[in-house]
Amino acid sequence: MRIGILTSGGDCPGLNAVLRGFCKCAFNVIEGVEIYGFYDGYAGLMDRNYKVLSPADVENILDLGGTILGSSRQPYKLMTVKEGDGPTKLQTMVENYKKLKLDCLVTLGGAGTHKTASLLSVEGCNVIGLPKTIDNDIYGTDITFGFHTAVDIAADAIRRIRTTADSHSRVFFVEVMGNKVGWLTLYAGLASGADVILIPEIAYDEEKLARFIKDKKQSSRSVIVAVAEGVLSSREAAMSKKERKDYFAGFGTATAAERLAASVSQATGIQCRATVLGHIQRGGEPCAYDKFVSTEIGAFGAHLAKVGRFGVTVCVRGGKLGFNMLVDIAGKTKRVAADGQTVLLAKDMGIYFGD
Ligand code: F6P
């Protein structure tokens with residue numbers, strides 16, 4: 001059996017742990033298996049740029065951040081666009097899959113990677129997806145590998161910010177990654193004792209937010225606001241995509257936390273600061289839980305390959321490994337429920353969500 005494997009989209013801690021889990025298991029349970037590791041995600045399949053992986057290649061990488069194969073973003077919407085007279089990217093990949101006589105392609109990736117994986121599967125390639133992303137937004141799985149490490153990093157950063165905020169009696173807006181969903185901000189905010197949590201799923205009211213912060217500041221030395229990068233005010237949420245783009249362009253390169261710090265400072269007269277955590281949330285060694293779940297997901301993926309269960313993506317539900325059909329989950333997003341248990345309990349504790 002010849003298996004291709006690639007890591008695609010934004011990286012995260014745990015990619016190497018999954019590669020290791022998959023390869024170690026596949027080398028043991030699939031007789032005569034060959035594993036082609038494609039470089040830089042789908043780009044490697046398009047260019048037939050790969051390395052035949054040996055057991056030694058995946059030794060000692062459990063703790064390693066990043067991905068030994070490299071990754072790249074290959075926008076889904078460009079997959080079926082013809083490049084001049086040539087084939088589409090999708091056609092090139094299907095052709096290379098056949099030329100290289102692959103029996104299966106394993107894709108470690110997030111939402112975009114899964115959409116392309118589904119396309120490849122519909123085109124006749126035997127695909128197995130493995131759910132990666134610090135955003136934890138892949139539909140049909142409770143957890144994606146990389147998420148918990150990012151929560152640890154962001155929560156640790158927010159706790160550190162709290163001490164300096166207390167020293168200076170300041171309000172801090174700490175921006176956490178998550179353009180479309182607020183899982184990371186919600187978990188990191190709760191795990192670090194943030195006073196306010198702003199997520200894309202709950203539009204915030206500008207005036208109420210300023211009032212809450214002003215009131216909170218009366219009784220607390222500092223106020224910490226955990227802000228998801230894709231958060232929107234109710235006014236911004238009501239705009240069309242184009243209107244919003246133009247509106248944000250007026251703020252230059254200012255991020256959500258920076259815009260909020262400026263506007264709340266102006267509205268309240270309180271000194272506000274913004275800290276954007278950025279890619280630190282995706283770097284470095286996975287936490288123990290991510291090493292565990294990555295190893296399990298990888299090994300489970302190898303078993304799916306062995307039994308020929310294709311067109312699927314691995315999921316974790318209620319602590320158990322399973323799989324969903326790619327066509328069923330591709331293009332869907334798992335969002336935080338504004339009226340879900342976690343948000344409601346946090347609200348009961350006095351944490352403000354901006355609504
Ligand atoms: O999907 C993971 C993620 O880290 C998002 O949280 C973030 O919006 C995005 O990737 C950043 O992408 P890039 O690394 O391409 O700047």
Side-chain angles (χ1 to χ4, degrees), residues 5-19 22 37-46 61 64-79 89 106-120 129-139 141 143-154 157 175-188 199-200 227-231 253 255-257 276-287 289-291 293-294 297-298 313-315 326 329-336:
I5 194 163
L6 54 86
T7 57
S8 166
D11 71 342
C12 76
L15 281 166
N16 287 323
V18 175
L19 284 173
F22 181 89
F38 289 98
Y39 289 115
D40 299 330
Y42 288 124
L45 180 56
M46 288 170 208
I61 62 168
L64 203 62
T67 157
I68 57 165
L69 292 178
S71 189
S72 66
R73 288 202 186 276
Q74 300 293 331
Y76 165 76
K77 55 180 181 227
L78 299 183
M79 286 297 163
K89 290 181 172 187
V106 179
T107 60
L108 284 62
T113 302
H114 275 71
K115 285 200 275 183
T116 298
S118 181
L119 279 184
L120 285 164
L130 302 180
K132 164 235 75 168
T133 169
I134 66 162
D135 295 339
N136 196 28
D137 61 349
I138 297 183
Y139 195 84
T141 183
I143 214 67
T144 57
F145 61 88
F147 172 64
H148 275 287
T149 307
V151 171
D152 284 355
I153 296 167
E175 186 170 307
V176 175
M177 273 187 167
N179 211 2
K180 296 197 181 81
V181 300
W183 293 106
L184 185 52
T185 309
L186 177 65
Y187 274 55
I199 58 176
V227 183
E229 65 174 316
V231 76
T253 55
T255 67
V276 180
L277 301 182
H279 290 79
I280 191 170
Q281 295 159 104
R282 294 213 318 238
E285 186 175 346
C287 65
Y289 176 75
D290 269 331
K291 287 180 197 174
V293 82
S294 300
I297 287 174
T313 179
V314 172
C315 66
L326 278 167
I329 63 103
K332 293 185 185 163
T333 306
K334 185 183 71 177
R335 296 182 203 281
V336 174

> Provide the closest heavy-atom pair for K115 versus G331 in the form atom of the first, atom of the second, distance.
CG-N, 3.5 Å

> Test of understanding: with side-chain contact (heavy atoms from CB on, under 4.5 Å), list the residues that count as partners of S8, not counting sequence neighbours.
L6, Y42, T113

> Count the heavy atoms belonging to other residues, nucleotides or ligands that lie under 6.0 Å from OH of Y139, then report whether that count exceeds 12.
no

> For L78, does the CG atom sit with more than 12 other heavy atoms under 6.0 Å from it, leaving out its own atoms?
yes

> Considering residues at least two apart in sequence or located in another chain, which fulfil the side-chain contact (heavy atoms from CB on, under 4.5 Å) criterion with A157?
L277

> Kindly say whether T107 contributes a backbone atom to a donor-acceptor pair with the side chain of K132 at under 3.5 angstrom?
no

> Treating S71 as the side-chain partner and G9 as the backbone partner, does any N or O pair qualify as donor plus acceptor under 3.5 Å?
yes

> Is it true that a side-chain atom of N16 and a backbone atom of G66 form a donor plus acceptor pair closer than 3.5 Å?
yes

> For residues I5 and L69, report the shortest heavy-atom separation together with the two atoms involved.
O-CD1, 3.8 Å

> What heavy-atom pair brings I199 and A228 nearest, and what distance separates the two atoms?
CA-CB, 4.1 Å

> Taking the side chain as every heavy atom from C-beta outward, state whether Q281 and L184 have any pair of such atoms under 4.5 Å apart.
yes

> Looking only at heavy atoms, what is the nearest atom pair of P13 and P286, with distance?
CB-CA, 3.7 Å

> Check ring pair (Phe, Tyr, Trp, His ring centres under 6.0 Å) between F38 and all other residues, then give those that pass, not counting sequence neighbours.
Y50

> Do Q74 and M46 have side chains that approach each other closer than 4.5 Å (heavy atoms only, starting at C-beta)?
yes

> Got a sec, which residues hit side-chain contact (heavy atoms from CB on, under 4.5 Å) with V181, two or more places apart in sequence or on another chain?
D135, D137, W183, E201, T333, R335

> Return yes if some donor-acceptor pair links the side-chain N/O of K180 with the main-chain N/O of P200 below 3.5 Å, else return no.
no

> Kindly write out the residues that satisfy salt bridge (Lys or Arg N to Asp or Glu O under 4.0 Å) with K291, not counting sequence neighbours, or none if the list is empty.
D63, E285

> At their closest point, which heavy atom of I138 faces which heavy atom of G110, and how far apart are they?
CD1-CA, 3.8 Å

> Measure from the side-chain N and O atoms of S72 to the backbone N and O of G41, and report whether any donor-acceptor pair falls under 3.5 Å.
no

> Does H114 use its side chain to pair, donor to acceptor, with the backbone of G109 at less than 3.5 Å?
yes

> Roughly how far apart are L120 CG and L45 CG, rounded to 0.5 Å?
7.0 Å

> For residues 143-152, run the donor-acceptor check on the side chains, cut-off 3.5 Å, and write out each pair with its distance to 0.1 Å, sequence neighbours left out.
{"residue": "T144", "atom": "OG1", "partner": "T133", "partner atom": "O", "Å": "2.6"}
{"residue": "T149", "atom": "OG1", "partner": "C287", "partner atom": "N", "Å": "2.9"}
{"residue": "T149", "atom": "OG1", "partner": "D290", "partner atom": "OD2", "Å": "2.5"}

